[in-house]
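Take a look at the structure set out below.
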Amino acid sequence: MIPPKNRRPGYSRRAQYGLFLSYVVAIGGALFALLMLVVAAIDPTGFGAIRTVVSDATAPISSAGRGIARGSGMIVSQLSDYVFAASKNQAMRAELESQRAEVARAHGIEIENRKLKALLGIVEQAPARVAVARLVSSSVTSSRRFAVLGAGRGAGIRAGMPVRAATGLIGRVVAVGGSSAQVALLTDGGTMVPVRRSRDGLPAIATGTGSGAVDVRALGAGDNPFRVGDVLVTSGVGGIYAPDIPVAIVVRVAGDEAMARPLADPSRIDFALVEAPYQPTVQNPLAPPPPAPVR
């Protein structure tokens with residue numbers, strides 16, 4: 001007699017064991033996730049230590065997966081560039097013309113800034129480069145936006161150090177392991193960066209929204225001064241981030257709200273630069289007031 005093709009799991013002990021093992025794995029995973037949530041709520045410091053250990057262990061795997069994904073993405077991008085080359089060239093010419101005018105205005109502002117700094121006696125010390133590390137992974141869908149660097153304490157990286165690329169600011173180191181470091185991205189909800197508008201120096205604060213964009217608010221009261229296409233750079237106010245690092249470009253203005261897109265895309269960056277926190281110094285500090293006369 002020919003055995004039936006569709007058998008119930010109870011017919012074979014191997015099928016029973018496999019089904020039982022899948023239940024055990026699913027329940028164990030759920031219990032582990034619940035335990036991690038409890039630890040994160042009760043002991044954030046301990047949870048951060050666990051997270052850095054996991055980051056150290058998974059960094060090589062993440063790096064390999066990122067390389068494969070980037071390779072396939074480059075093939076698709078090259079095909080798309082070939083098909084739409086004519087329209088892209090026309091758009092690039094128009095952008096080049098607008099950027100030339102922007103560069104001329106920025107050059108004039110830079111000359112004026114140098115004169116003011118000379119009068120005030122302010123000396124800007126360029127932050128020392130600490131390490132160049134591979135950006136092995138980055139979150140693009142969760143509400144918290146983090147990236148992982150393939151270097152940690154062994155490379156001199158410490159929490160609080162800014163991270164940037166050639167295209168702009170990426171974020172700041174928030175946790176460090178032995179061979180990896182976690183970076184809170186510019187778009188993370190806990191990130192705030194003092195910025196200024198590149199064409200006129202208008203001061204503002206850029207705050208991550210947790211959704212891949214940056215909310216920009218001018219420091220002065222009044223109507224929303226931002227326009228689509230405004231480029232924002234770091235102002236250097238408060239230290240940490242050196243001035244004039246590209247940050248974001250305004251893409252949407254509605255009422256008193258201005259949303260910007262970061263200029264540095266972590267998903268397209270292989271290596272990032274970690275710098276020491278920036279700290280401006282005053283060359284000629286003000287002298288203390290003379291003592292009051294004794295009566």
Side-chain angles (χ1 to χ4, degrees), residues 98-99 101-127 145 160-174 183-264 273 275-286:
S98 64
Q99 289 298 324
E102 187 71 25
V103 168
R105 288 193 294 267
H107 183 65
I109 294 172
E110 179 64 23
I111 294 175
E112 188 66 23
N113 285 340
R114 289 178 183 175
K115 293 179 181 178
L116 292 174
K117 290 171 185 175
L119 291 174
L120 296 174
I122 295 177
V123 178
E124 291 186 352
Q125 297 179 346
R145 301 294 174 116
M161 290 183 173
V163 181
R164 60 173 297 182
T167 51
L169 184 66
I170 295 176
R172 184 169 64 163
V173 177
V174 292
V183 179
L185 299 177
L186 186 62
T187 54
D188 182 68
T191 301
M192 296 180 63
V193 180
V195 297
R196 64 177 181 84
R197 189 161 56 183
S198 62
R199 60 184 171 88
D200 58 2
L202 177 72
I205 294 292
T207 306
T209 62
S211 61
V214 176
D215 178 72
V216 185
R217 304 279 177 169
L219 295 182
D223 297 335
N224 188 348
F226 295 105
R227 299 292 180 268
V228 174
D230 283 347
V231 176
L232 306 170
V233 299
T234 53
S235 64
V237 175
I240 301 178
Y241 304 102
D244 299 327
I245 301 175
V247 175
I249 182 170
V250 177
V251 294
R252 182 168 63 86
V253 177
D256 61 348
E257 181 184 77
M259 302 301 293
R261 172 179 53 82
L263 292 172
L273 175 64
E275 296 180 339
Y278 166 78
Q279 184 60 52
T281 59
V282 179
Q283 188 177 39
N284 299 316
L286 296 176

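All residue numbers in this chain count up from 1 along the given sequence. Excluded from the calculations below are hydrogen atoms, water molecules and symmetry mates; all remaining heavy atoms, backbone and side chain alike, are included. Computed from a predicted structure; not experimentally measured.
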Side chain to side chain contact (heavy atoms under 4.5 Å, CB included) against Ala248, all qualifying residues, sequence neighbours excluded: Ala260
Any side-chain heavy-atom pair of Arg164 and Tyr241 under 4.5 Å: no
Any idea which heavy atoms bring Thr167 and Leu263 closest together, and the distance? O-CB, 3.6 Å
Any non-hydrogen side-chain atom of Pro203 less than 4.5 Å from a side-chain atom of Val237? no
Does Met259 reach the side chain of Thr209, with side-chain heavy atoms less than 4.5 Å apart? yes
Quick check: do Ile205 and Met192 have side-chain heavy atoms less than 4.5 Å from each other? yes
Closest approach of Pro262 to Val214 (non-hydrogen atoms, all atoms of both residues): CG-CG2, 3.9 Å
Are any of the side-chain heavy atoms of Asp256 and Arg217 separated by less than 4.5 Å? yes
Which pair of heavy atoms, one from Ile240 and one from Gly160, lies closest together, and at what distance? CG2-O, 4.1 Å
Closest non-hydrogen contact found for Ala264 with Ile170 is CB-CG1, 4.2 Å
Please report the interatomic distance CE(Met161) to CD(Glu275), rounded to the nearest 0.5 Å. 10.5 Å
Within a strict 4.5 Å, meaning less than it, do heavy atoms of the Leu202 and Phe226 side chains meet? yes
All N/O donor-acceptor pairs, side-chain side in residues 227-234, below 3.5 Å, sequence neighbours left out:
residue : atom : partner : partner atom : Å
Arg227  : NH1  : Asn224  : O            : 3.3
Asp230  : OD1  : Arg199  : NE           : 3.3
Asp230  : OD2  : Arg197  : NH1          : 3.0
Asp230  : OD2  : Arg227  : N            : 2.8
Thr234  : OG1  : Ala242  : O            : 2.5
Thr234  : OG1  : Asp244  : N            : 3.1
Thr234  : OG1  : Ile245  : N            : 2.8

Is there side-chain contact between Arg252 and Arg261, with heavy atoms separated by less than 4.5 Å? no
Rounded to the nearest 0.5 Å, what separates atom CG in Leu185 from atom CG in Leu169? 10.0 Å
What pair of heavy atoms forms the shortest contact from Gly236 to Tyr278, and how long is it? O-CE2, 3.7 Å
